[in-house]
Amino acid sequence: MKDIFTFGILFSTVRFATPLLLAALGGLFSERSGVINIALEGLMLAGAFASAAVTHYAGSPWIGLAAGIAAGLLGALIHAVACISFDADQVVTGTAINILMLGVPTLLSGALFETTGSTPPIPRTNLIPNAPVFIAFALVPIVWYLLYRTPFGLRLRAAGENPEAADTAGVSVIRIRYAGVLLSGALAAIGGAYLSIGQSSLFTRNMTAGRGFIALAALIFGKWRPFQTMLACLLFGFAEAASIQMQGVIPHVRVEYIQILPYILTMVVLAGFIGASRAPRALGQPYSKE
Amino acid sequence: MKLARELLFPLIAIAAAFVIGGIVVAIIGDDPIYTYRLLIGSALSWPDGIGYTLFYATPLIFTGLAVAVAFRCGLLNIGAEGQLTIAAFATAWAGIEFGRLPWWLLIPLACGIAVLAGAAWGAIPGVLKARFGSHEVINTIMMNFIAAGIASALTQSYFKEQGDPILETRAIAGAGHIPRLGRFIPGLPSRLPLNFAFLLALAACALVYVFLWRTKWGYEIRATGSNPSAAEYGGISVKKEIVLAMAVSGGLAGFVAVNEVLGYRYRYYQDFSANYGFTGIAVALLGRNHPLGVLLAALFFGALTRGGLFVDIFTEHVSKDLVFVLQALIILFVAAEALFRRRMGKRVS
């Protein structure tokens with residue numbers, strides 16, 4: 001066991017947790033406002049692609065990151081328009097965004113770089129290796145403060161818990177929900193950018209590999225609260241780090257079994273400790289003024 | 001009249017998606033008209049186009065029906081992907097393990113195992129929802145990852161050919177192969193992978209229709225979906241219906257294994273599913289959760305898949321990923337269309 005619990009694994013736990021945490025904190029804004037965001041996966045992909053492609057042309061990862069955020073905002077805007085303004089089913093539009101982002105980045109990379117769905121590699125000096133890690137973990141107390149100590153946070157929570165009451169109190173539920181979904185697009189996109197211009201040096205097809213869904217699970221696991229969500233992300237990050245570290249260390253246990261542990265754990269926790277009532281009460285319900 | 005109305009909105013959604021898709025094609029630098037002619041022409045040519053369109057439609061009919069049955073009970077099954085993965089692995093296992101049985105025993109056995117594996121995998125989130133109230137969307141997503149992990153671990157440890165670089169099981173016994181339709185249809189070459197599973201898919205459409213609209217179980221599932229509290233009051237056990245609907249849904253998704261394992265690749269192969277589970281959601285939506293609609297939508301998506309491959313090869317810049325964009329746009333338009341419908345409904349009443 002000594003081989004597993006090293007300094008190195010703490011390091012990689014934090015690194016693996018970072019994209020999850022960014023996306024999950026984004027999801028927190030959206031879901032606390034009452035909009036399910038199953039599109040985190042697609043929004044991460046949008047951010048990953050746009051930041052890698054623009055970094056390639058601009059030569060600056062910061063311009064790339066900005067482009068990634070813009071792409072995330074654009075994707076989130078589609079989700080917001082469809083399910084806030086057009087009352088579409090939130091899970092369904094989220095799924096549509098995910099499928100869309102499976103297609104758009106690869107379509108564009110094929111056209112721009114004549115590749116089958118990846119961007120050209122970016123030189124080491126043009127990467128942002130650690131910035132998103134600090135952003136992600138610094139955001140946790142900031143999000144907490146925003147959520148529980150500011151008028152915006154109060155309105156956001158009201159829109160997700162009881163939109164009718166919020167409306168009566170003069171809060172524009174529609175506008176708050178747009179803000180929540182757009183924030184989720186920006187943060188998920190930074191998470192995606194960390195993958196393409198942080199951890200690796202290019203965008204590859206479907207490079208998020210389900211991390212958006214895991215972030216969503218972490219958010220639910222963390223009961224839609226910033227600090228608990230961070231712990232859940234660290235747990236998932238640890239599982240990923242451990243499964244890589246453990247390859248061949250414990251004989252007869254395949255890595256895959258270690259990799260699936262957090263998913264099983266999520267299901268157990270959902271069944272045992274959270275129950276149905278913990279989600280924001282109006283989550284998933286379209287709101288329209290009568 | 002009712003049928004015309006049911007068809008109108010999906011057709012508008014498709015048309016709108018094609019217009020936006022065409023703009024995307026033009027931006028990327030190809031001719032939209034040429035691209036679409038290629039897409040449609042290659043999907044409808046005889047025999048290759050139609051043969052492959054029907055072949056690609058087959059798994060989508062099963063996953064579309066799977067999602068539709070769950071939808072009718074008010075559940076969103078995002079887990080068809082995991083259900084068909086587990087079913088495909090179990091089917092390959094049966095085809096290897098019971099390979100010495102004669103074909104008339106092996107094929108029904110393998111099909112049965114496909115359905116049971118899918119149904120069991122689908123029932124688990126159903127039970128968790130009924131018993132603990134935990135959301136089926138999250139649980140089915142988690143179970144997609146778990147299914148992929150288990151199937152790949154078991155394949156890797158016990159069922160791989162020595163030294164095979166690809167993550168796939170050994171081939172199933174020849175007795176487990178189901179015939180290709182080319183053997184029965186004149187003019188359809190048997191090199192096309194279109195197989196008996198397509199006929200099973202057609203039968204499944206009819207059976208799901210009968211199940212949902214002509215049996216007590218189906219009635220109870222639909223009643224639960226349209227108003228759970230009224231159903232409960234009327235003496236229906238909502239919890240039981242949730243488990244039943246998810247099991248039926250998973251079983252239908254499991255049928256994909258028949259097409260892939262018994263009819264095409266003759267083995268379990270990691271990543272064999274080209275997003276069938278998620279596309280099934282689009283198919284069910286476009287098909288209005290009705291078996292006939294699902295069939296038409298699956299044929300349409302099958303044609304898109306076939307045509308996409310040609311677009312990939314024969315255009316300068318556009319790749320087959322255009323198909324994902326079209327699918328996503330169609331889902332978005334169909335999903336948002338409910339609003340137009342409601343507004344029009346209000347105006348009428």
Side-chain angles (χ1 to χ4, degrees), chain A residues 36 38 42 78-79 81-83 85-93 95-112 114 116-117 205 210 213-214 216-217 220-221 252 254-260 262-264 266-267 269-272 274-277 279 286 288, chain B residues 24-25 27-30 76 78 124-125 127-129 131-135 137-139 141-154 156-157 275 278-279 281-282 285 312 316-340 342:
Chain A
I36 298 174
I38 211 167
I78 301 173
H79 188 47
V81 169
C83 60
S85 298
F86 283 84
D87 285 7
D89 186 295
Q90 297 168 1
V91 177
V92 169
T93 45
T95 307
I97 306 273
N98 288 337
I99 296 176
L100 188 70
M101 294 310 175
L102 220 51
V104 172
T106 39
L107 198 58
L108 288 180
S109 59
L112 290 172
E114 313 246 323
T116 51
R205 199 186 176 88
F213 292 119
I214 299 169
L216 191 69
I220 294 166
F221 203 160
H252 312 303
R254 295 211 60 87
V255 223
E256 288 91 346
Y257 294 127
I258 298 153
Q259 280 167 338
I260 62 178
Y263 309 126
I264 296 174
T266 304
M267 292 176 67
V269 169
L270 278 180
I274 297 184
S277 61
S288 51
Chain B
V24 173
V25 170
I27 292 172
I28 288 174
D30 276 315
L76 184 58
I78 299 210
I124 295 171
V127 170
L128 290 174
K129 170 135 191 163
R131 178 78 180 75
F132 303 106
S134 46
H135 205 291
V137 167
I138 293 298
N139 279 333
I141 289 173
M142 294 300 109
M143 288 187 67
N144 287 343
F145 291 115
I146 297 170
I150 290 178
S152 107
L154 289 176
Q156 195 71 262
S157 335
N275 258 312
F278 291 99
T279 314
I281 300 168
L285 264 178
D312 209 31
E316 197 81 24
H317 304 291
V318 180
S319 63
K320 63 177 186 294
D321 299 304
L322 176 66
V323 172
F324 287 126
V325 176
L326 291 174
Q327 284 177 358
L329 291 170
I330 292 168
I331 306 179
L332 278 174
F333 287 123
V334 171
E337 165 260 286
L339 182 80
F340 299 113
R342 209 173 318 140

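Letters A, B, ... mirror the listed sequences (proteins, then strands); counts begin at 1. It should be emphasised that the depicted structure is a prediction, and the values quoted were computed from it without experimental measurement.
For the pairing with Ile99(A), the side chain to side chain contact (heavy atoms under 4.5 Å, CB included) check across Asn275(B), Ile331(B), Leu332(B) returns one residue only, Ile331(B).
Residues Ile264(A) and Met142(B) fail the side-chain proximity criterion, which asks for heavy atoms closer than 4.5 Å. You'll find the side chain of Ile214(A) reaches within 4.5 Å of the side chain of Phe145(B), heavy atoms only. For the pair Leu270(A)/Leu128(B), no side-chain contact is recorded, criterion being any heavy-atom separation below 4.5 Å from C-beta on.
By number of non-hydrogen pairs under 4.5 angstrom with chain B, the leading residue of Met101(A), Arg205(A), His79(A) is Arg205(A). For the set Lys320(B), Gln156(B), Met143(B), Arg131(B), the entry with the most heavy-atom pairs within less than 4.5 Å of chain A is Gln156(B). For the set Gly210(A), Gly117(A), Pro105(A), the entry with the most heavy-atom pairs within less than 4.5 Å of chain B is Gly210(A). No other option in Val91(A), Asp89(A), Leu108(A) has as many heavy-atom pairs under 4.5 Å with chain B as Val91(A). With respect to chain A, the highest number of heavy-atom pairs below 4.5 Å among Asn144(B), Ile146(B), Ile28(B) belongs to Ile146(B). Put simply, of Ala153(B), Gly29(B), Ser157(B), the one with the most heavy-atom pairs under 4.5 Å next to chain A is Ala153(B).
For Leu322(B), the parts sitting under 4.5 Å from any heavy atom of chain A are the backbone and the side chain alike. Only the side chain of Val137(B) comes within contact range of chain A, with at least one heavy atom under 4.5 Å from a heavy atom of that chain. In this structure, chain B has a heavy atom under 4.5 Å from the side chain of Ile38(A), while its backbone stays farther away. In this structure, chain B has heavy atoms under 4.5 Å from both the backbone and the side chain of Thr93(A). Heavy atoms of Thr106(A) lying under 4.5 Å from chain B belong to its backbone as well as its side chain. Ile27(B) does not touch chain A: none of its heavy atoms, backbone or side chain, sits under 4.5 Å away. At a 4.5 Å heavy-atom cutoff, Leu112(A) makes no contact with chain B through either its backbone or its side chain. Contact of Val24(B) with chain A is made through the side chain alone, with heavy-atom distances under 4.5 Å.
Between Ala96(A) and Ala328(B) the shortest heavy-atom distance is O-CB, 3.2 Å.
For the atom pair Phe278(B) CZ and Thr95(A) OG1, the distance stands at 7.5 Å (nearest 0.5 Å). Atom CG of Leu154(B) is separated from atom CD of Glu256(A) by 9.0 Å, given to the nearest 0.5 angstrom. In this structure, the separation between CD1 on Ile220(A) and NE2 on His135(B) is 8.0 Å, given to the nearest 0.5 Å. Between atom CD of residue Glu114(A) and atom NE2 of residue His317(B) there is a gap of 6.5 Å, rounded to the nearest 0.5 Å. Atom-to-atom distance recorded for Ser152(B):OG and Tyr257(A):OH is 8.5 Å, nearest 0.5 angstrom. The CG atom of Asn139(B) lies 14.0 Å from the OH atom of Tyr263(A); values are rounded to the nearest 0.5 Å.
Residues satisfying the side chain to side chain donor-acceptor pair (under 3.5 Å) criterion with Ser319(B), sequence neighbours excluded, are Asp321(B). Shown here are the side chain to side chain donor-acceptor pair (under 3.5 Å) partners of Thr279(B), two or more places apart in sequence or in another chain: there are none.
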